[in-house]
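Down below is the structure, laid out as structure tokens.
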Amino acid sequence: MPSAHPYRWWGMWDPTESKVPLRDRDQPVTLSGSALDQLANTCALQWFLGREVKADAPATTAQGFGNVVHVLADEVASGHTPADLAVLMERLDSVWNALAFDAPWKSAQEKANARVALERFLKWHVMDRAGRSPVASEHDFDVTLEAGDYQVRIRGQMDRVEVDGDGRAYVVDFKTGKHAPTSSEVARHPQLAVYQLAVREGAVDEAFDGVRPEPGGAELVHLRQGAPRRDGGETLPKVQAQDAQEGPEGEWVGDLLATAAGKVLDERFTPTTGQHCTHCAFRASCSARPEGRHVVE
């Protein structure tokens, strides 16, 4: 059977290499703060296939949920919408049907979850948090950082930037997922640390009238998860704070950036197995997974 001849077996072919490098070594390596952890710590192959090849699956309803909540939080922080739950729910109603849920009961369930998330946000927004107040919302930034032998250009968007009574900047990242990192993971959370490093390099100067503030810290605010109270209620969101990254204690951030930049320039996208494999969209293309290994070794 000609079709069964070994020259037709793709598993017998030699690996191919692109003659065009993925990134120009003479230019800073462009990364996003949100992708840094995935590239440096989680799985470089997952980062490459999702971010560079752009082979990720279409946006899910969970992502739509998060996008809607983020937009409404921005409208409140920027003053375009009053901090009133009834008003926010009216705004939510106007766009909710655009989200494609698998069943009507799921849509109703998630809408109830969105209401609770917005309620938590409003209570957090108006509470006195050590005299902090918002100065920017959905703040775009673009800074180039020195990381070992590399230059890394970080572009992204900070959900919210606040200032305290001493003029220090705090970066807030809203999360609408169902899982939260551990306390030790927050202490070395790459995205938060990069935000702080970006603040130190001038990323929020514009929001502070051209004056460069000292970073006071950063935090994750989990709107889907309530902070337990003594009476058993959960009216406030769960907040996980990262202290200011200063001195030798913050050097790990630069090391992480250098590791990530080196992987991109050397095109070392080796798969790494772990809990993240459970929901990875690329298992069938991953040599570290049984379903993705070569037929012929």
Side-chain angles (χ1 to χ4, degrees), residues 10-11 13 15-18 20-25 27-67 70 145 147-148 150 152-157 159 173-182 184-195 197-198 220 222 224 240 242 252-295 297:
W10 66 266
W13 296 354
T16 59
E17 293 185 5
S18 173
V20 179
L22 184 65
R23 300 289 177 89
D24 186 347
R25 285 186 171 273
Q27 298 295 324
V29 179
T30 302
L31 298 172
S32 68
S34 60
L36 180 61
D37 185 40
Q38 185 183 34
L39 176 60
N41 290 334
T42 305
C43 180
L45 180 61
Q46 188 184 68
W47 175 87
F48 173 72
L49 293 175
R51 302 275 179 160
E52 290 295 308
V53 179
K54 302 192 185 302
D56 260 332
T60 64
T61 51
Q63 291 170 313
F65 177 105
N67 291 339
H70 273 77
L145 310 172
Y150 308 102
V152 182
R153 182 183 180 189
I154 299 291
R155 293 188 296 181
Q157 194 173 65
D159 289 345
D173 193 50
F174 294 120
K175 296 296 184 185
T176 55
K178 298 178 182 179
H179 304 287
T182 64
S184 59
E185 288 172 338
V186 172
R188 293 213 165 196
H189 194 281
Q191 185 177 3
L192 294 184
V194 166
Y195 285 161
L197 192 56
L220 303 174
H222 299 275
R224 263 192 188 264
Q240 295 180 297
Q242 183 183 78
W252 66 271
V253 188
D255 294 339
L256 195 69
L257 285 170
T259 298
K263 286 183 178 181
V264 173
L265 292 177
D266 296 338
E267 301 184 16
R268 292 182 281 111
F269 305 120
T270 306
T272 304
T273 57
Q275 189 175 5
H276 54 273
C277 294
T278 305
H279 304 290
C280 181
F282 310 116
R283 285 177 294 178
S285 305
C286 178
S287 59
R289 299 285 304 179
E291 58 267 48
R293 290 176 185 156
H294 290 299
V295 177
E297 295 290 347

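Remember, it's a predicted structure, so these values are computed and weren't measured experimentally. Numbering starts at 1 and runs along the sequence shown.
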Note, [X] side chain near [Y] side chain (heavy atom, < 4.5 Å):
| X | Y | value |
| --- | --- | --- |
| Leu257 | Ile154 | yes |
| Trp47 | Leu31 | yes |
| Leu45 | Phe282 | no |
| Thr30 | Arg23 | yes |
| Gln38 | Pro190 | no |
| Phe65 | Thr176 | yes |

Please report the shortest heavy-atom distance between [X] and [Y], naming the atom on each side.
| X | Y | result |
| --- | --- | --- |
| Leu220 | Lys175 | CD2-CE, 3.8 Å |
| Gly33 | Val194 | CA-CG1, 4.4 Å |
| Gln240 | His222 | OE1-NE2, 2.8 Å |
| Arg51 | Ser32 | NH1-OG, 3.7 Å |
| His189 | Pro181 | CD2-CG, 4.5 Å |
| Thr272 | Cys43 | N-SG, 3.4 Å |

Problem - Carboxylate-amine/guanidinium contact Asp266 Arg25, below 4.0 Å - result: yes

Exercise for the section: Apply the test side chain to side chain contact (heavy atoms under 4.5 Å, CB included) to residues Phe269 and Leu22: give CA-CA distance (whole Å), side-chain angles for both, the deciding distance (0.1 Å), then the verdict. Expected result: CA-CA 12 Å; Phe269 305 120; Leu22 184 65; 3.5 Å; yes

